[in-house]
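Worksheet: one structure, shown below.
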Amino acid sequence: MPQELDRFLKLFDALVESNNSWLARTPKEKLEWVPFDNENMKFGDRISVITIKSVYIHTIAGEHLWSRILKDCADGASLKFARDEVVALSDRLTTAKDLVDEAMTLHAKNMSNFGCYTDNQLAKTVEWAGRKWTIMGFLWGIYSHRSYHLGNIDILMREANEEAPDFFSNFKPVMA
């Protein structure tokens, strides 16, 4: 396995585990709490109401769909999600009996997909959001996407008067 991919997998896994531990400790009534709603409290057309749960589901759905799309895409592919797939997965997660458990099941599949990428696959380029990425670069983009939304979740938890965990103490003792 390429060293950079190995490092990505370790760091990404730790970030997801940390995020999931936050969610597991968040009171259920706070998951869908809306601090305020205005025209700027949206993430494009993807998240129309920003809550801890909606941001969390957004990250899970994106990661799962990306892990599948990137695995076998052609060099130079323009990445697109089928809207019906995004909606179906988001609906499934929204109604999950145990959202964190369901998220971890999908994360295990994602890690398996990511871990199978070859040097040749990682060197391919893809287009996403009007930019060209290598697949390895896009994996780091996925990591950054999760980090960005973890920051959103942190702010929402604090606004909900919930204690947000200390970021660095949540990670595994030894990192990549």
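Everything numeric here is computed off the predicted structure, so don't read it as measured data.
Ring-centre distance between Phe81 and Trp128: below the 6.0 Å cut-off.
With values rounded to the nearest 0.5 angstrom, Ile50 atom CD1 is found 10.0 Å from His58 atom NE2. Expressed to the nearest 0.5 Å, how far CD of Glu63 lies from CZ of Phe12 amounts to 3.5 Å. The OG1 atom of Thr51 sits 7.5 Å away from the CG atom of Leu156 when rounded to the nearest 0.5 Å. Rounding to the nearest 0.5 Å gives a distance of 5.5 Å between CG of Asn20 and CE of Met104.
Each side-chain hydrogen bond (donor to acceptor under 3.5 Å, both in side chains) pair with one or both residues in residues 102-116, not counting sequence neighbours, appears once here: Asp13-His107, His64-Asn110, Ser67-Asn110, Ser67-Asn113, Arg92-Glu102.
Here Asp101 pairs with nothing under the salt bridge (charged side-chain N to carboxylate O under 4.0 Å, His left out) rule; sequence neighbours left out. Lys124 meets the salt bridge (charged side-chain N to carboxylate O under 4.0 Å, His left out) test with no other residue; sequence neighbours excluded. In this structure Trp133 satisfies the ring-ring contact (aromatic ring centres under 6.0 Å, His included) test together with Phe138, sequence neighbours excluded. For the salt bridge (charged side-chain N to carboxylate O under 4.0 Å, His left out) test, residues two or more places apart in sequence or in another chain that qualify with Lys30 are Glu162. In terms of the salt bridge (charged side-chain N to carboxylate O under 4.0 Å, His left out) criterion, Glu4 has no residue partners (sequence neighbours excluded).
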Steps toward side-chain contact (heavy atoms from CB on, under 4.5 Å) verdict (Tyr148, Thr59): CA-CA 10 Å; Tyr148 172 79; Thr59 62; over 6 Å; no

Check against side-chain contact (heavy atoms from CB on, under 4.5 Å), Val126 and Thr134: CA-CA 6 Å; Val126 294; Thr134 63; over 6 Å; no

Worked verdict on Leu150 versus Leu15 for side-chain contact (heavy atoms from CB on, under 4.5 Å): CA-CA 9 Å; Leu150 183 56; Leu15 182 65; 3.7 Å; yes

Derivation and outcome, salt bridge (charged side-chain N to carboxylate O under 4.0 Å, His left out), residues Glu127 and Lys132: CA-CA 5 Å; Glu127 290 185 27; Lys132 190 174 187 176; over 6 Å; no

Audit row: Ser144, Ser147, side chain to side chain donor-acceptor pair (under 3.5 Å) steps and yes/no: CA-CA 5 Å; Ser144 298; Ser147 297; 5.8 Å; no

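Counting heavy atoms from C-beta on, the side chains of Leu139 and Trp66 never come closer than 4.5 Å. Tyr117 places none of its side-chain heavy atoms less than 4.5 Å from the side chain of Met136. Here the side chains of Thr26 and Ile52 are in contact, with some heavy-atom distance below 4.5 Å. In this structure, the side chains of Tyr56 and Leu93 stay at 4.5 Å or more apart for every pair of heavy atoms.
Residue Gly115 comes nearest to Leu5 through the heavy atom pair O-CD2, 4.5 Å, listed as atom of the first residue, atom of the second, then distance. When every heavy atom of Ala24 is checked against every heavy atom of Val100, the shortest pair comes out as N-CG2, 3.9 Å. For the pair Leu122 and Pro2, the tightest heavy-atom approach, listed with the atom from each and the gap, is CD1-CG, 3.7 Å. Closest of all the heavy-atom pairs between Lys71 and Gln121 is O-NE2, 3.2 Å. Pairing each heavy atom of Glu163 with each of Met157, the nearest pair is O-CE, 3.7 Å. The minimum heavy-atom distance linking Glu159 with Trp33 is given by the pair O-CH2, 3.2 Å.
In Asn161, the CG atom is not crowded: 12 or fewer heavy atoms of neighbouring residues, nucleotides or ligands sit closer than 6.0 Å. Counting heavy-atom neighbours within 6.0 Å of Gln3 CD, excluding the residue itself, gives a total of 12 or less.
Just one residue in the list Leu89, Ile60, Leu70, Leu79 forms a side-chain contact (heavy atoms from CB on, under 4.5 Å) with Leu65, and that residue is Leu89.
Ring pair Tyr143/Trp140 is perpendicular by interplanar angle, where above 60° counts as perpendicular and below 30° as parallel.
At a cut-off of 3.5 Å, with distance as the only test, no side-chain donor of Ser18 or Ser21 sits close to an acceptor on the other residue.
At a threshold of 4.0 Å, the pair Glu85-Arg68 counts as salt-bridged, since one of the basic side-chain nitrogens sits closer than that to a carboxylate oxygen.
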